[in-house]
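Written below as structure tokens is the structure these notes are about.
So you know, we letter chains A, B, ... as the sequences are listed, proteins then strands, and number each from 1. Only a predicted model underlies this, so the values are computations on that prediction, with no experimental measurement involved.
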Number of protein chains: 2
Amino acid sequence: MSDVARQAGVSRATASYVLNRTPGARIPEQTRAKVLAAAEALRYVPHVSARSLRRGRSDLVVGHVDGTSILGDRLPFFGLVQVASEVRKAGYTFLIHGDPTVSGLAAARAWLALRPAAVVATLDRFTEESVAMLAGAGTVPVALGRRSSELTATVVLDDGELGRAAAGRLADRGRRRVAVLGSHEDRASDPVLGNRIAEALATARHRGLEARYVPMRPEVDAAARVVAEWRRGWMPDGVVGPTDRHAGLLLGALTDAGIAVPGRVAVVGMDDDPFCDLLRPRLTSVRADLTGGDTPLAGVVLAAIEGRWDPGDAVRRFPAHVVVRDSA
Amino acid sequence: MSDVARQAGVSRATASYVLNRTPGARIPEQTRAKVLAAAEALRYVPHVSARSLRRGRSDLVVGHVDGTSILGDRLPFFGLVQVASEVRKAGYTFLIHGDPTVSGLAAARAWLALRPAAVVATLDRFTEESVAMLAGAGTVPVALGRRSSELTATVVLDDGELGRAAAGRLADRGRRRVAVLGSHEDRASDPVLGNRIAEALATARHRGLEARYVPMRPEVDAAARVVAEWRRGWMPDGVVGPTDRHAGLLLGALTDAGIAVPGRVAVVGMDDDPFCDLLRPRLTSVRADLTGGDTPLAGVVLAAIEGRWDPGDAVRRFPAHVVVRDSA
DNA sequence: CTGAAAGCGCTTACAG
DNA sequence: CTGAAAGCGCTTACAG
């Protein structure tokens, strides 16, 4: 910036005022032009470290997701992409810190070294201590979770609507006995898919269907075991998979067992993964509209970052719609 | 750090020496212990902006991938995850800048504002101008690409081995007429899948098979059109998909047309995507071992970052192996 | 309207 | 071995 000021024949202060469009500083148009020309000619790029060191706050927002959650569970990821774009539009620099090995206090230290204005991470990365440490240093902790938390401002991504839509589809198709799959023995203990499962069960029962929770880890053998079990006893005529992978695995196992889909058993997945079109029969799925809902997700996160957090706004529900294919 | 020094009863310089383990500074054990205790008690976190401002260089490495390339083409992404982990182990702070909208000069400006030690991005994000600008500011540009480039140090991720393994599998199974699919009309123009396709064709021909390139965009209707075309004329008995999606779409279209797989046509995909197990017949695929090869990928990137770039080391080939399922 | 100056939190040559 | 001091690139209250 010194170079720019020198070349423009003004002081560094003036250069700073022009380059930052500082409100209240009235610089003659001619001076402005000279500074801008010099900055352009010298390819001036401001040094964010110096700026934030001086200002005492940075415009950096750090998001934290790891590779697993990117590929495994798509909602937080897509949520984050959307948030990133909005946060950038609001003038922040958004960077992703993807180290999967840190959480809690260690994560807080790593984030704080950058002195960001805010950090957006999944709820499980925060602890009471780490939140206190961040807040003490002036960094706003914003969590993305499946349920609200006392810990810190948490934007709740409630995708239970997916479960409602999936179960509703089966009811519409006249199914009577619905199995809702889930990865854990105990359905309440699934922090990621819990909402989907709970709402699918509730909706099915509300519509007068028999509904059971069926544990099935999303692995090849597990699906075959579930189907074998069903052949010996209770057999559903509709299946809800809390992810397309659950549904797809089960679809394959039903096919292997010679059970007609959707004839004897209808199957619905969730997320509308691109592979749904590759399966035979093609997998019917439900898709969340992340841009929909009352207020866009990104707006809520931005509000939290800027201290305009309104707990009443914490829960984001996304409209879901059924993508009808062959399996239900 | 002033607080730490004060609490420990030493000067800021001494605190800095202890906290940084500055080589050549011999601090009595007792003093060291006092400083460390104070830092711990005060939860001291160094301020990276101040440090890099003073040092004139930062320990920040910025990686740049966008959401599309994360989900679409997995090699660069997994490559980057691996690189990130190694780069962190070497003491750098690795952050991902995921703005899909910038490349060239605009990207260079965005990166440079952070004054990183290096930036690792896909080759298409660099231009001659942007490379010069980065180099001028002391930031090392490192590219990840499918082919070498004069532009800057480029780590070439050559996954042609996948094509060789896939075509080899079909030859081993006694196939004579092989179709190699690809997204573009002109196979040479595919910057992402080009290596896979070229090597599959070359290997098939080398083994005495008839091999044709068949354009097919990875979309539902396209696969049906390709199969319809085949029924009217030249029909392969083996198909290589440059991604599992290509292969899976075609597999579905063959099934719809009542053509037995692998009886009449064998199908092999690439990447060993988790959905391969969901398809019926299950999709045989080939998988690249990213941790294998002569030197690990991350080592090459690290060398480039630290100016130990050796162009002779530029091309990383990954061993590939066939994951046999039902379709070939 | 513009410039000289202080200071953000560090590191490091230098003097004691 | 330890401390006082300069200075990295900025911003901004203050004086002219």
B/Ser11 side chain, from C-beta outward: closest of D/dT12, D/dG3, C/dG3
D/dG3
Distance, rounded to the nearest Å, where A/Leu112 contributes CG and C/dC10 contributes P:
12 Å
Can you sort out which residues in residues 33-48 of chain B have a heavy atom within less than 4.0 Å of DNA chain D? Ascending by number, please.
none
For atom CZ of B/Arg21 and atom C1' of C/dT11, their distance in whole Å
16 Å
Would a distance-only check, ignoring hydrogens and angles, find a side-chain to backbone donor-acceptor pair under 3.5 Å from A/Ser58 to A/Arg115?
yes
Closest to the A/Met1 side chain: D/dT11, C/dC10, C/dG3?
D/dT11
Taking CZ from A/Arg115 and P from C/dC8, how many angstroms apart are they, rounded to a whole number?
14 Å
Give every pair of a protein N or O atom and an N or O atom of nucleotides 13-16 of chain C that lie under 3.5 Å apart, one pair per line with the distance.
residue: C/dA13; atom: N6; partner: B/Tyr17; partner atom: OH; Å: 3.0

Correct closest heavy-atom pair for A/Pro116 and A/Thr139 would be O-OG1, 2.7 Å
OP1 or OP2 of C/dG9 under 4.0 Å from side-chain N/O of B/Ser2:
no
Quickly work out the A/Leu114 CG to C/dG9 P distance and round it to whole Å.
16 Å
Atom pair OH/CG of A/Tyr92 and A/Leu60 - distance to nearest 0.5 Å:
11.0 Å
Can you check whether A/Arg54 has a side-chain N or O nearer than 4.0 Å to OP1 or OP2 of C/dG7?
no
Taken to the nearest whole Å, CG/A/Asp3 to C1'/D/dC10 is 13 Å
side-chain contact (heavy atoms from CB on, under 4.5 Å) against B/Asp124, all qualifying residues, sequence neighbours excluded
B/Thr122
Donor-acceptor check, side chain of B/Thr152 to backbone of B/Pro141, threshold 3.5 angstrom: yes or no?
yes
Less than 3.5 Å apart, which donor and acceptor atoms pair up between the side chains of residues 29-37 of chain B and the rest of the protein, not counting sequence neighbours?
residue: B/Glu29; atom: OE1; partner: B/Arg32; partner atom: NE; Å: 3.4

For A/Arg57 and D/dT11, what is the distance between atoms CZ and C1' respectively, to the nearest whole Å?
10 Å
When you measure from the side chain of B/Val10, which nucleotide among C/dT12, D/dG3, C/dC10 comes out closest?
D/dG3
Report the distance from atom CG of B/Leu53 to atom C1' of D/dA6, rounded to the nearest whole Å.
13 Å
Using a cut-off of 6.0 Å, state whether more than 12 heavy atoms not belonging to A/Glu128 lie near its atom CD.
no
Dot-bracket summary - DNA chain D, pairs being Watson-Crick or G-U whose distances fall under 3.5 Å, with | when paired to another strand:
|||.||||||||.|||
Main-chain N/O of B/Ala107 paired with B/Arg125 side-chain donor or acceptor, under 3.5 Å:
no
For the backbone of B/Ala110 and the side chain of B/His97, can you confirm whether one donor and one acceptor N or O come within less than 3.5 Å of each other?
no
List for me each residue that meets side chain to side chain donor-acceptor pair (under 3.5 Å) alongside A/Asn20, sequence neighbours excluded, and say none if there are none.
A/Ser16, A/Arg51
Per atom distances to the A/Arg51 side chain, the nearest of D/dT11, C/dT2, C/dC10 is D/dT11
Of all the choices, C/dG9, D/dT12, C/dT11, which nucleotide is nearest to the side chain of B/Arg12 once you look at every atom?
C/dT11
Looking at B/Thr22, does any N or O in its side chain come under 4.0 Å of the phosphate oxygens OP1/OP2 on C/dT11?
no
Ignoring backbone atoms, test whether A/Thr31 places a side-chain nitrogen or oxygen under 4.0 Å from the OP1 or OP2 oxygen of C/dT2.
yes
Are the side chain of B/Asp59 and the backbone N or O of B/Ala117 linked by a donor-acceptor pair below 3.5 Å?
no
In whole Å, what is the span from the CD atom of B/Glu29 to the P atom of D/dC1?
12 Å
Ignoring hydrogens and geometry, is there a side-chain-to-backbone donor-acceptor pair from A/Asn195 to A/Arg146 under 3.5 Å?
yes
Which value, rounded to the nearest 0.5 Å, describes the distance between B/Tyr17 atom OH and B/Thr22 atom OG1?
6.5 Å
OP1 or OP2 of D/dT11 sitting under 4.0 Å from any side-chain N/O of A/Ser16?
yes
